[in-house]
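Take a look at the structure set out below.
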Amino acid sequence: MSWLTNFSKPKISTRKKRGVSASVWAKCPACGDLIYDQDLVPNLYVCGACGHHLRWPLKERLAAWFDKGLYTEIPVPHMPDDPLQFKDRKRYKDRLKEARKATGREDAFVVASGEVGGNPCVVVALDFDFMAGSMSRAVGEAVVVAAQAAQAAKTPLLAVTASGGARMQESVFSLMQMARTTAALADLREAGVPYIVMLADPTTGGVTASFAMLGDVTLAEPGALIGFAGPRVIAQTIGGTLPEGFQRAEYLKEHGMVDAVVARGAQKTTIARLISLLG
Amino acid sequence: MHYLEFEKPLLEMTERITALRTALGKGEVGAEKDMEKEVARLTVKQARVARLLYRNLDAAQKVQVARHPGRPQGDDYISALLKDFVPLAGDRRFGEDKAILAGIGLWQGTHKVAVVATRKGKTTTQRLERNFGMPKPEGYRTAMRVFDLANRFGLPIITLVDTPGAYPGIEAEERGQAEAIAASMSKLLDVNVPVITIITGEGGSGGALALAVADEVLMLEHAVYSVISPEGCAAILWKEANKETIPQAASALKLTAQDLEKLGLIDGLIKEPVGGAHRDESLTITRVGDTVSRTLLRLKGKSSKENRRKKFLALGHG
């Protein structure tokens, strides 16, 4: 081995300045109003001026939904990384490493159990911050584990979806998660366990076309983008512009595709009611 | 016949053969014997070149073959393989989708089956009214209605899949394209009759999988099955879809039937005639017909929704 190949890069960590100089003020992407950072959490990431629902960090969401912010994470067996040794301009392994470092998560999900309004339930939630919440084998496994845990405990299952769709780097392995999750939910349905979905911004592609659209009850967050094909692809296909509000939660409700659009402030109560009525 | 770019050597030989034949036909005196010899030589050589070319297709070339307009399509299989075929159209909810052909009949004149096929179309008019083989929600809901019917009357389900994907359009979204795909998969995991899928050309993502949750998923030798088209993948991950990035994406996606069989994601291959399905439509159709008949016999009494669910729960797991 020559000294050239034996050379390992010095590991100097550069601390990101985030937190110090990062904006104390967030800007509402809808109305441009300035939102004080510290108001975001108590306001459930909703703009006080226009009611726009900003993307809600998963940790905050779970803390707000579960009673007293308490929940237990259900471990999901680790899936071997990178089944195809995929490399585009970057190696998939490196992308995974970065996403893990940035989010502190193994992959784009959390599976947890706890109580919502005194009703036990299992939650599987996707984390859009991890490679756009894309469906990897690990994400599919998380949904399966969650469904089986709910089935075993006979407690309702709640899914929160936020995903760009397939994890392209896992190709057909990713595609097959649509069928896998559907199979797990078919078993859950037969066992008579309720399954509730909260569609968050954005939910598209293979996630929408599988477990996100198989709920006994389907809820959506205000303004969330929800669809199968992305708006850009559709605009390209039809060679024209898209209607106002197209693929937004309210638009889906108008077209009969979701049961209710539920604002953040009312979500916990709605979920608790549904669980206690159906469970 | 439409020649693909990599088939150029075959085209050149065909042109030379045609030219020689024309000259022979004109009865130009002198070199007939030599010309006939040359035609025979070229014909043999062409077959050899075709065999060689098709033995070593790369992923991007496979994609071209899978999309070849001369490949047999759903309609061709159904009209050749189903006796007493009765088409069943419409979803009873919204409309008919011309990208889907469904019905019941006797497979190779023997087995009662329900069939659902995607249809790309051959003429421009057909292609347009069938959206180039991209089903809309009403198409998937028609399929589901036929799956239900098959389940109630104990008919095995055969799906023939060749689609770029589900149609990405405004109305399709408004009518719940995602829900239709999810529900169709779910339905195929609920039926208690055998389900067999043949991917005959393009297996385009969720739009294909919606019809391919089967006990036995088989692919034609040069068919492809992918989560996204190589063009789409290149545009997103390589930031640009061009002559260099598209083949790279195609190869990285492991979308060929051979790759997928190795990965354990499909159950088997059906060999195509030398030079691809478009070179011998009837032989291709016969092979598909025979394979399905054999599979039907093998699955008889052995398939259940529980087994199918188990299969898909385990698929792509390890």
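Lettering of chains follows the sequences in order, A, B, ..., and the numbering in each one begins at 1. Below, each value reflects all heavy atoms present in this structure, side chains not excepted, and no hydrogens, waters or symmetry copies.
Heavy atoms closer than 4.5 Å to chain B are found nowhere in A/Glu170, neither backbone nor side chain. In this structure, the portion of B/Lys305 lying under 4.5 Å from any heavy atom of chain A is its side chain and not its backbone. Residue B/Leu188: no heavy atom, backbone or side chain, is found under 4.5 Å from chain A. Proximity to chain B (any heavy atom under 4.5 Å) is shown, for A/Val172, by both the backbone and the side chain. In this structure, the portion of B/Leu209 lying under 4.5 Å from any heavy atom of chain A is its side chain and not its backbone. B/Ile228 touches chain A through its side chain: at least one heavy atom from C-beta onward sits under 4.5 Å away, while N, CA, C and O do not. Proximity to chain B (any heavy atom under 4.5 Å) is restricted, for A/Arg189, to the side chain, taken from C-beta onward. Heavy-atom distances place no part of A/Lys90 under 4.5 Å from chain B, backbone and side chain included. For B/Arg175, the part sitting under 4.5 Å from any heavy atom of chain A is the backbone (N, CA, C, O) and nothing else. Contact of A/Arg232 with chain B is not made at all, since no heavy-atom distance falls under 4.5 Å. Heavy-atom distances place no part of B/Leu255 under 4.5 Å from chain A, backbone and side chain included.
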Please walk me through it: do B/Leu313 and A/Gln148 pass side chain to side chain contact (heavy atoms under 4.5 Å, CB included)? CA-CA 11 Å; B/Leu313 276 171; A/Gln148 290 175 345; 4.2 Å; yes
Checking A/Phe173 against B/Leu315 for the side chain to side chain contact (heavy atoms under 4.5 Å, CB included) test, could you report, in this order, the C-alpha distance in whole Å, the side-chain angles of both residues, the deciding distance, and whether it holds? CA-CA 8 Å; A/Phe173 281 107; B/Leu315 199 65; over 6 Å; no
Might you work through the side chain to side chain contact (heavy atoms under 4.5 Å, CB included) test for A/Leu175 and B/Ser205, ending with a clear yes or no? CA-CA 7 Å; A/Leu175 184 66; B/Ser205 194; 3.9 Å; yes
Evaluate B/Leu189 against A/Thr182 for side chain to side chain contact (heavy atoms under 4.5 Å, CB included), listing each step before the verdict. CA-CA 8 Å; B/Leu189 289 163; A/Thr182 303; 3.8 Å; yes
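You'll find the side chain of B/Val227 stays beyond 4.5 Å of the side chain of A/Arg167, heavy atoms only. Here the side chains of B/Arg309 and A/Glu190 are in contact, with some heavy-atom distance below 4.5 Å.
Other residues, nucleotides and ligands contribute at most 12 non-hydrogen atoms within 6.0 Å of the CD atom of A/Gln236. The number of heavy atoms from other shown groups lying within 6.0 Å of NZ (A/Lys97) does not exceed 12.
When all heavy atoms are compared, the tightest approach of B/Ala183 to A/Leu214 is N-CD2, 4.1 Å.
For the options A/Val144, A/Val233, A/Thr208, heavy-atom pairs under 4.5 Å to chain B are most numerous at A/Thr208. Chain A forms more heavy-atom pairs under 4.5 Å with one residue of B/Asp190, B/Asp259, B/Val213 than with any other, namely B/Asp190. Of the listed residues B/Ala208, B/Ser186, B/Ser184, the one with more heavy-atom pairs under 4.5 angstrom with chain A than any other is B/Ser186.
The structure places CD of B/Gln177 at 10.0 Å from CE of A/Met257, a figure rounded to the nearest 0.5 Å. Put simply, OG on B/Ser226 and CE on A/Met168 are 10.0 Å apart, with the number rounded to the nearest 0.5 Å. In this structure, the separation between CZ on B/Phe312 and CE on A/Met178 is 12.0 Å, given to the nearest 0.5 Å. Interatomic distance, CD1 of B/Ile181 versus CE of A/Met213, reported as 11.0 Å (0.5 Å rounding). Expressed to the nearest 0.5 Å, how far CD1 of A/Ile234 lies from OH of B/Tyr167 amounts to 9.0 Å. Between the CG atom in A/Asp88 and the NZ atom in B/Lys239 there is a gap of 9.0 Å [rounded to 0.5 Å].
Under the 3.5 Å distance criterion, with hydrogens and angles disregarded, no donor-acceptor pair is assigned to the side chains of A/Tyr251 and B/Glu173.
The pair B/Glu240-A/Arg89 fails the salt-bridge criterion, with no side-chain N (NZ, NE, NH1 or NH2) lying under 4.0 Å from an Asp/Glu carboxylate O.
Residues from residues 245-253 of chain B that place a non-hydrogen atom less than 4.5 Å from a non-hydrogen atom of chain A comprise B/Ala252, B/Leu253, given in numerical order.
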